[in-house]
Amino acid sequence: MADRKIRITAGRVTAEAVLNDSDTAGAVWDALPLSVPGQTWGDEIYFGIPVKARPENARAVVELGDLAFWPPGSAFCIFYGPTPASRGSEIRPASPVNVFGRVLGDPTVFKAVRSGTTVRVERA
């Protein structure tokens with residue numbers, strides 16, 4: 001499978017990411033482009049997207065830079081540090097998520113993004 005690269009733009013922040021070969025990644029890829037106001041929760045940006053996916057190898061703890069889908073809220077999540085649910089330095093979503101990709105480069109650039117900022121996700 002060819003790499004499925006995406007570009008995420010939120011205000012002045014732009015980052016590229018790559019999707020994995022999961023069914024969730026395929027559903028997100030098919031829904032692009034998206035342009036949605038994002039919300040922050042600790043060092044996570046999340047926003048609802050028109051995708052439905054069941055838990056797929058859902059993880060309760062994720063890695064820095066992971067892109068994930070949160071099934072209960074049909075939300076696209078970008079993790080760039082601890083959340084209010086984290087214990088210590090771990091990165092913990094509100095509940096288990098389907099990891100479907102990773103930010104290429106430094107994901108902490110998203111620390112500059114504020115709630116309400118429109119996030120655009122498109123194929124790169």
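Just so it is clear, the model here is predicted, and its values are computed rather than measured.
Ion pair E122/R120 flagged as a salt bridge, since at least one NZ, NE, NH1 or NH2 atom sits closer than 4.0 Å to an Asp/Glu carboxylate oxygen.
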If you apply the rule side-chain contact (heavy atoms from CB on, under 4.5 Å), what do you find for W70 with Y46, and how did you get there? CA-CA 9 Å; W70 184 52; Y46 68 96; 5.6 Å; no
Between S35 and T118, is the side-chain hydrogen bond (donor to acceptor under 3.5 Å, both in side chains) condition met? List the steps. CA-CA 6 Å; S35 192; T118 296; 5.4 Å; no
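Ring centroid separation for the pair F76 and F100 comes in under the 6.0 Å cut-off.
A donor and an acceptor atom, one from each side chain of E44 and T83, are nowhere located under 3.5 Å apart.
For the salt bridge (Lys or Arg N to Asp or Glu O under 4.0 Å) criterion with E16, the lone passing option out of R123, R7, R102 is R7. If you run side-chain contact (heavy atoms from CB on, under 4.5 Å) between I6 and each of L67, V28, V103, L104, only L67 comes through.
A donor-acceptor pair under 3.5 Å is formed between the side chain of R4 and the backbone N or O of N20. Between the side chain of D66 and the backbone N or O of A68 there is no donor-acceptor pair closer than 3.5 Å.
Residues V51 and V121 share a single hydrophobic cluster, defined by chaining ILVMFWY side chains whose heavy atoms lie under 4.5 Å apart. Under a hydrophobic-cluster definition in which Ile, Leu, Val, Met, Phe, Trp and Tyr are linked whenever side-chain heavy atoms come within less than 4.5 Å, directly or via other members, L34 and I78 are assigned to the same cluster. V62 and I49 fall into different hydrophobic clusters, where Ile, Leu, Val, Met, Phe, Trp and Tyr side chains are chained together by heavy-atom contacts under 4.5 Å. Hydrophobic cluster membership differs between L64 and V113, with clusters built from Ile, Leu, Val, Met, Phe, Trp and Tyr side chains linked at under 4.5 angstrom.
Between D23 atom CG and N98 atom CG the span is 9.5 Å, to the nearest 0.5 Å. Annotation: the span from N57 atom CG to S22 atom OG amounts to 8.5 Å, rounded to 0.5 Å. Taking CH2 from W41 and OG from S115, the interatomic distance works out to 12.5 Å, rounded to the nearest 0.5 Å.
E63 CD: 12 or fewer foreign heavy atoms inside a 6.0 Å radius.
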